[in-house]
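Taking it in order: structure first as structure tokens, then the write-up.
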Amino acid sequence: MTYFPDLTPYVYWPQHVTGPQPHPDGVEVLNVGWLEAGHDFPTREGEPDPEFLRNLITLAADHFSQATRGMHACDLPHADRDEDKDEDKDEDFQVDAVYGDRELFLGHAEIRVVTPDGRWLVAPTLVVHYVRDHGYQPPEEFVDAVKAMRIAPSGR
């Protein structure tokens, strides 16, 4: 995965792809949930807010954007990791996973939501795994935008 601190200017897509920007000119676009081993991230106590997690799963399943042909797997440590498993197969559990009654493919696209003041917050779809399985606590404005289902338009 590529690491970017939360609420820093979004630069992932322009760095890796040529062509038009995936967002309108003049919109402030910020990173959320671009986690990587070796970098600290905010965590929460207990389970994630059920409405937030349900909506986050819906966004990752039905409203993702900037899908790529490649994918990123989680490189954070997993408490339930079976060391006897093949390394490649071990990574599959979080990128092709069941969340409630939804089967998701994670790590190949982005979730884009909008704050009330018009800023776009962009997270990798793998943020679902980070929230559920690693206790990641995204910034409150991201949680609020996800709970409100303020989805960024996909005009480009």
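Residue numbers run from 1 in the order of the sequence given. Any value given below was found using the heavy atoms of this structure, including those in side chains, with hydrogens, waters and symmetry copies removed.
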Gap between atom [atom2] of [Y] and atom [atom1] of [X] - 0.5 Å precision:
X	Y	atom1	atom2	answer
L106	H129	CG	NE2	8.5 Å
L7	R119	CG	CZ	7.0 Å
L59	I151	CG	CD1	5.0 Å
I111	H63	CD1	NE2	10.5 Å
F4	L35	CZ	CG	12.0 Å

- Query: Is D40 atom CG crowded by more than 12 heavy atoms from other residues, nucleotides or ligands, each under 6.0 Å away?
  - Reply: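 Counting neighbours around CG of D40, 12 or fewer heavy atoms of other residues, nucleotides or ligands fall under 6.0 Å, so no.
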- Spell out, as yes or no, whether a donor-acceptor pair under 3.5 Å connects the side chain of D75 to the backbone of E36.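 Pair absent, no side-chain N/O of D75 close to backbone of E36.
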So, for [X] and [Y], which heavy atoms are closest and what is the spacing to 0.1 Å?
X	Y	result
W120	P153	CH2-O, 3.4 Å
A60	V128	CB-CG2, 3.7 Å
V131	P48	CG1-CB, 3.8 Å
C74	L126	N-CD2, 3.6 Å

Can you find a pair of side-chain heavy atoms, one from [X] and one from [Y], that are under 4.5 Å apart?
X	Y	value
S65	E110	yes
D6	N31	no
T8	L30	no
L121	E141	yes
F41	L76	yes
F52	P138	yes

- Message: Does the structure place the NZ or CZ of R112 under 6.0 Å from the centre of the six-membered ring of F64, at an angle of no more than 45° from the ring's axis?
- Response: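 No; the conditions do not both hold, so R112 does not lie above the ring face of F64.
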- Item | Exercise: do Y130 and Q137 side chains pair donor with acceptor under 3.5 Å |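 Distance-only check fails for Y130 and Q137.
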- Item | Any residue meeting ring-ring contact (aromatic ring centres under 6.0 Å, His included) with H39, in chain and number order, not counting sequence neighbours |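 For H39, the residues satisfying ring-ring contact (aromatic ring centres under 6.0 Å, His included) (neighbours in sequence not counted) are Y3.
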- Qualifying residues under side-chain contact (heavy atoms from CB on, under 4.5 Å), relative to A145, sequence neighbours excluded: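 Result, side-chain contact (heavy atoms from CB on, under 4.5 Å) vs A145: V113, R150.
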- Query: Quick one: side chain to side chain donor-acceptor pair (under 3.5 Å) pairs with a partner in residues 47-62, sequence neighbours left out?
  - Reply: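 Listed once each, the pairs are D49-K147, D62-R102.
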- Would you sort out whether H108 and T125 count as a side chain to side chain contact (heavy atoms under 4.5 Å, CB included), showing the intermediate values? CA-CA 7 Å; H108 75 298; T125 55; 4.2 Å; yes
- Item | Plane angle bin for Y10 and W34 - parallel if under 30°, tilted between 30 and 60°, otherwise perpendicular |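 W34 and Y10: tilted rings.
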